[in-house]
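Read the numbers this way: they start at 1 and go in the same order the structure lists the ligands and their atoms.
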Amino acid sequence: MGDSSPNRPNYLKFLDRHDPAGRIAAMLRLLDGCRVCPRNCGVNRLKDERGFCRTGRLALVASHCVHHGEEPAISGSRGSGTIFFGNCNLRCLFCQNRQISQGNDTGEEQGPWQIADMMLELQRKGAHNINFVSPTHVAPQMAEAIVVAAGRGLRIPIVYNSNGYESVEMLRLLRGFVDIYMPDMKYGDDESAELCSFAPGYVHSAQAALVEMRRAVGHLRLDGMGVARNGLLVRHLVLPNDMAGSRDVLRFIRRVIGRETSISLMSQYFPSHKAAGHQLLGRPVRAGEYAGVLDEMDRLGLDGWIQELQSSAYYRPDFEGDHPFEG
Ligand code: SF4
C-alpha cells in the first residue's frame with residue numbers, strides 16, 4: 001500500500017494503483033504516425049523519422065538546473081528543478097528560447113534513465129519540483145522518465161510547462177503523471193497564432209487543452225509555504241499591438257475554466273529572434289497596452305501573478321552558458 005497523504009504527488013498515487021506499462025505503450029503508439037501534438041505530422045518517430053518538431057525517438061535535453069525565476073508558487077524558496085527540452089512544436093517569431101527551440105538540435109538525446117538521473121539530481125539539490133519546459137512534443141518520453149525516476153526515489157511534484165499547443169488525446173493518456181499544469185494560452189485568435197507562431201488552429205487546441213488540464217488536476221493548490229502542490233496555472237504573455245488577443249484569452253478563462261483559475265500575466269516580451277524589426281512585433285509592450293489588459297483582468301475578477309512592466313529588461317536566458325539564467 002502506498003502513502004495516502006494528500007500531499008503525495010499524483011504520479012506516485014497513480015503508480016500505487018496502476019501498472020503504467022499499458023499507458024506508456026499507448027503513448028508510444030502516438031509516436032508511430034506521430035500525433036503527439038495537433039500538427040499530426042504522421043511520421044514514424046519510433047524509427048527516428050522527424051516531423052515539424054525535428055525530434056525522433058529520444059528527447060533532446062538542452063539544459064537542466066535549479067531555477068529561481070519562475071512564479072513564486074513554482075520556484076518557492078529553494079528553486080524549481082527545470083529540465084529544458086530541445087526543439088519545439090511552435091515557431092514563434094519572438095521566441096526567447098530560440099537557441100534551443102528552433103530545430104537546431106541544441107543539447108543531447110537522452111533516454112528515460114538519463115532524464116531520471118537529472119530529475120533525481122535536481123531533487124537532491126533541494127528543488128521543490130521537476131519542471132519540464134517545452135514537453136509537448138516529447139510527452140511520451142517524459143512519461144517514461146517519470147516512471148523510472150519514481151521507481152528510483154523521486155518524491156517531488158511534476159510541472160508540465162508548455163506552450164498550450166496540445167493534443168487532448170495525448171493529455172488524456174498523461175492523466176495521473178502530472179501534478180501541476182503550467183500552459184501558456186498564447187493567443188485569442190488564430191490569425192495571430194498563424195502569423196506569429198505558425199500554429200494553425202492554436203486557439204481551439206489550447207482551449208481544449210486547458211479544459212482537459214483543469215479536469216485532470218483542478219485549480220491550483222498551495223502548501224503552507226505558498227508553493228504549488230498541484231493544479232492549473234495559466235500563463236499569458238501580452239504582445240504589442242494586442243497580437244496576443246489578451247482580452248479574448250482572459251474572457252475564455254473566466255467563462256470556461258473558471259474565476260478561481262490562477263493566472264500569470266507576463267509583460268516580459270521583447271522583440272528577439274525574428275521579431276526584431278517586425279512591423280507588429282518589433283517593440284516592447286507599452287504601459288497603456290499593459291494597463292488595459294490589467295483592467296480587463298480586474299473587471300473579470302481574475303487573480304494570480306502580475307509581472308511589472310519593466311520585466312522585459314531582465315528575462316533573457318542564454319543557453320550557451322552553463323546556467324541559462326545567470327549572466
Ligand atoms: S510532436 Fe512533432 S512530429 Fe509529432 S505531430 Fe507534433 S510537431 Fe509533428
### Query
Hey, is Lys47 close enough to Asp32 for a salt bridge, meaning N to O under 4.0 Å?
no

### Task
May I ask you to say whether Arg57 pairs ionically with Glu144, meaning some side-chain N is under 4.0 Å from a carboxylate O?
yes

### Query
Residues two or more places apart in sequence or in another chain: which of them pass salt bridge (charged side-chain N to carboxylate O under 4.0 Å, His left out) with Asp303?
none

### Message
Going by the rule side chain to side chain contact (heavy atoms under 4.5 Å, CB included), which residues pair with Ile306 if we only count those two or more places apart in sequence or in a different chain?
### Response
Leu265, Tyr290, Leu294, Met297

### Query
For the ring pair Tyr181 and Tyr160, is the centre-to-centre distance below 6.0 Å?
yes

### Message
Listing by chain and number, which protein N, O or S atoms are under 2.8 Å from atom 4 (Fe) of ligand 1?
### Response
Cys34 SG

Which side-chain N or O atoms in residues 248-258 pair as donor and acceptor under 3.5 Å with protein atoms at least two apart or in another chain?
{"unit_1": "Arg251", "atom_1": "NE", "unit_2": "Glu296", "atom_2": "OE2", "d": "2.8"}
{"unit_1": "Arg251", "atom_1": "NH2", "unit_2": "Glu296", "atom_2": "OE2", "d": "3.2"}
{"unit_1": "Arg254", "atom_1": "NE", "unit_2": "Leu300", "atom_2": "O", "d": "2.9"}

